[in-house]
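Taking it in order: structure first as structure tokens, then the write-up.
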Amino acid sequence: MSKIRVSELSRRIDAELAALASREQLRRLGAIDGVNLCSNDYLGLASDPRLREALASALADGVPVGSTGSRLLSGNAAIWEELESQIAQFMGSQAALYFNSGYSANVGLLSALIRPGDVVFSDAGNHASIIDGLRLSGARKVIFPHLDMDLLERELRKNFSGAAQKFIVSESIFSMDGDRAPLADLVALAERYAAELIIDEAHAIGVAGPQGRALVAASGLADQILITVHPCGKALAGVGCFVCCSEKLKQYLVNRARTFIFSTALPPYVAVQMRAAIRIVAAADRERNDLAALAAFLRKKLREAGFDIGRGDTQIVPIFLGDNERAVRFAALLDEAGFGARPIRPPSVPAGTSRLRISLNAKLSTDLLVRFTDALISIREQEQVPVHAVRP
Ligand SMILES: Cc1ncc(COP(=O)(O)O)c(C=O)c1O
């Protein structure tokens with residue numbers, strides 16, 4: 001009996017893996033060789049000596065290496081509350097709550113706050129953690145085309161009879177497109193149609209806005225946004241995610257967000273690292289300026305060379321190649337040329353929009369970006385790929 005079940009399962013898995021392989025969608029784990037052009041360590045802090053020192057000295061002083069339980073049981077070291085107070089003060093929010101990852105923050109808060117009977121409007125470019133959180137919420141979902149505010153308004157205007165509450169969820173800088181949400185428009189629409197707004201700042205925190213406090217802070221509209229989400233594994237070079245919200249919402253999430261409640265807290269040394277990271281990031285204007293200049297430089301070079309890089313202006317530069325096979329081939333040839341860039345394919349992005357996602361960091365140089373662009377041009381010639389029209 002068990003043999004039959006095992007072989008059925010095995011056949012199913014084989015079939016699925018074969019189908020992925022036939023569509024050039026089979027992923028394999030591997031290390032990046034050469035220049036890393038796909039890291040989210042935007043400010044280059046992942047091996048910063050100041051962070052190492054903060055950690056080394058905390059460990060030498062005896063900070064535990066395990067948290068021993070979830071925050072509601074034994075895992076709530078004082079350092080977590082100190083970190084959350086520091087974050088709330090830094091961000092100018094009433095309160096902050098630290099989750100173990102951006103994924104668990106989005107899944108936990110969206111599934112706790114949004115209920116069946118609510119309706120939620122979600123940008124088509126939103127991250128998988130938002131999609132999964134919304135699925136778990138059981139609410140009715142309206143997915144609007146990426147950044148299409150007219151369509152969003154048309155949907156909001158519809159009469160969702162019986163909808164208890166409306167929500168709009170968006171990233172601020174989009175992880176796969178490198179473009180920005182029009183926050184002022186989103187806030188205006190949320191006001192007009194009595195919706196609550198939730199913004200994920202994963203790729204903006206540390207990188208954009210005054211002291212790197214991201215785009216909501218830069219917009220001056222924080223008071224009109226219910227929750228902002230700040231994953232810390234990117235420019236903050238750490239792990240976990242802080243959520244900024246009111247004191248009441250924090251209390252609600254502590255009691256209702258299942259990913260917060262039913263998961264062991266991160267080790268307290270992580271809080272030490274993140275306290276140091278926030279201080280460093282607040283003072284990293286030079287790195288932010290360098291990053292912005294590198295992004296503008298690369299975008300100009302790629303546009304001049306006729307690559308389709310979309311409409312963004314940030315440190316995330318998508319190079320649209322269309323089909324999966326071509327994206328995989330370009331990434332492999334770039335690897336041979338000494339550049340580590342990953343092909344991004346469905347389901348991470350819509351079918352037909354496979355791309356290389358170049359993510360820059362402040363430690364790169366313009367010389368290197370010139371060499372990278374030249375390598376890309378040679379690959380395009382070698383592969384006999386026509387020059388793409390640049391999208392307006
Ligand atoms: C927009 C966005 N939100 C959330 C996450 C998840 O964050 P984490 O990696 O901390 O789980 C990511 C990660 O790529 C992201 O891009």
Side-chain angles (χ1 to χ4, degrees), residues 27 29 32 36-43 45-46 83 87 96-111 113 120 122-136 143 146-147 168-181 183 186 197-209 214-216 225 227-245 253 257-260 263-267 270-271 273-274 277-278 281 312 314-318 342-345 347-350 355 357-361:
R27 272 80 165 174
L29 296 172
I32 291 291
N36 190 340
L37 291 177
C38 53
S39 151
N40 292 327
D41 178 24
Y42 301 125
L43 300 178
L45 295 181
L83 172 65
I87 289 167
L97 182 64
Y98 211 83
F99 283 74
N100 287 359
S101 71
Y103 186 89
S104 78
N106 277 333
V107 168
L109 76 89
L110 294 170
S111 60
L113 268 181
V120 55
S122 177
D123 188 290
N126 279 343
H127 188 258
S129 54
I130 297 176
I131 295 169
D132 292 357
L134 296 182
R135 275 188 191 145
L136 265 181
I143 312 298
H146 183 48
L147 297 183
I168 304 173
V169 188
S170 179
E171 296 180 30
S172 61
I173 290 178
F174 281 85
S175 58
M176 293 299 149
D177 294 279
D179 46 15
R180 299 164 190 251
L183 289 178
L186 285 172
L197 190 52
I198 298 171
I199 300 290
D200 181 334
E201 298 248 52
H203 300 276
I205 187 68
V207 166
L215 291 185
V216 169
I225 294 171
I227 294 184
T228 53
V229 179
H230 307 265
C232 298
K234 300 158 198 315
L236 294 178
V239 67
C241 174
F242 62 85
V243 164
C244 292
C245 58
L253 292 175
R258 293 170 67 82
T259 55
F260 181 86
S263 194
T264 300
L266 294 171
V270 170
Q273 177 181 339
M274 297 324 300
I278 287 163
V281 160
T314 67
Q315 79 281 3
I316 300 166
V317 184
R342 290 275 189 243
I344 309 288
R345 294 156 279 171
S348 306
V349 293
R355 66 199 72 174
R357 173 188 183 268
I358 304 303
S359 47
L360 298 173
N361 74 72

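Please read all numbers here as calculations on a predicted model, not as lab measurements. Counting starts at 1 for both ligands and their atoms, in listed order.
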Handout entry: Closest candidate by heavy atom, reference atom 12 (C) of ligand 1, pool His127, Glu201, Glu171
Key = His127
Handout entry: For atom 2 (C) of ligand 1, the option (of Ile130, Asn40, Asp200, Val107) bearing the nearest heavy atom
Key = Asp200
Contacting atoms of ligand 1, where contact means under 4.0 angstrom from a heavy atom of [X]:
X: Tyr103; value: 6 (C), 7 (O), 8 (P), 11 (O)
X: Ser175; value: 16 (O)
X: Gly102; value: 6 (C), 7 (O), 8 (P), 10 (O), 11 (O)
X: Asn106; value: 3 (N), 4 (C)
X: Ser129; value: 3 (N), 4 (C)
X: Ala202; value: 1 (C), 2 (C), 3 (N), 15 (C)

Please check if the side chain of [X] supplies one atom and the backbone of [Y] the other of a donor-acceptor pair under 3.5 Å.
X: Glu171; Y: Ala202; result: no
X: Asn100; Y: Thr264; result: yes
X: Glu201; Y: Val216; result: yes
X: Thr259; Y: Ala105; result: no
X: Gln273; Y: Ala237; result: yes

Looking only at non-hydrogen atoms, find the nearest pair between [X] and [Y] and report the distance.
X: Arg180; Y: Leu147; result: O-CD2, 3.6 Å
X: Leu136; Y: Ser111; result: CB-CB, 3.7 Å
X: Ile316; Y: Phe174; result: CD1-O, 3.8 Å

Problem - Contact with ligand 1 for Gly233, non-hydrogen, under 4.0 angstrom - result: no
Problem - atom 9 (O) of ligand 1 [closest protein heavy-atom partner, distance rounded to 0.1 Å] - result: Lys234 NZ, 3.9 Å
Problem - Residue, atom name and distance, where the atom is the protein heavy atom closest to atom 16 (O) of ligand 1 - result: His203 NE2, 2.6 Å
Practice task
Could you see which bit of Ser101 sits under 4.0 Å from ligand 1, with heavy atoms only: side chain, backbone, both or neither?
Solution key: both
Handout entry: Short N or O distance, Cys232 and ligand 1, threshold 3.5 Å exclusive
Key = no
Problem - Minimum side-chain heavy-atom gap Asp177-Arg355 below 4.5 Å - result: yes
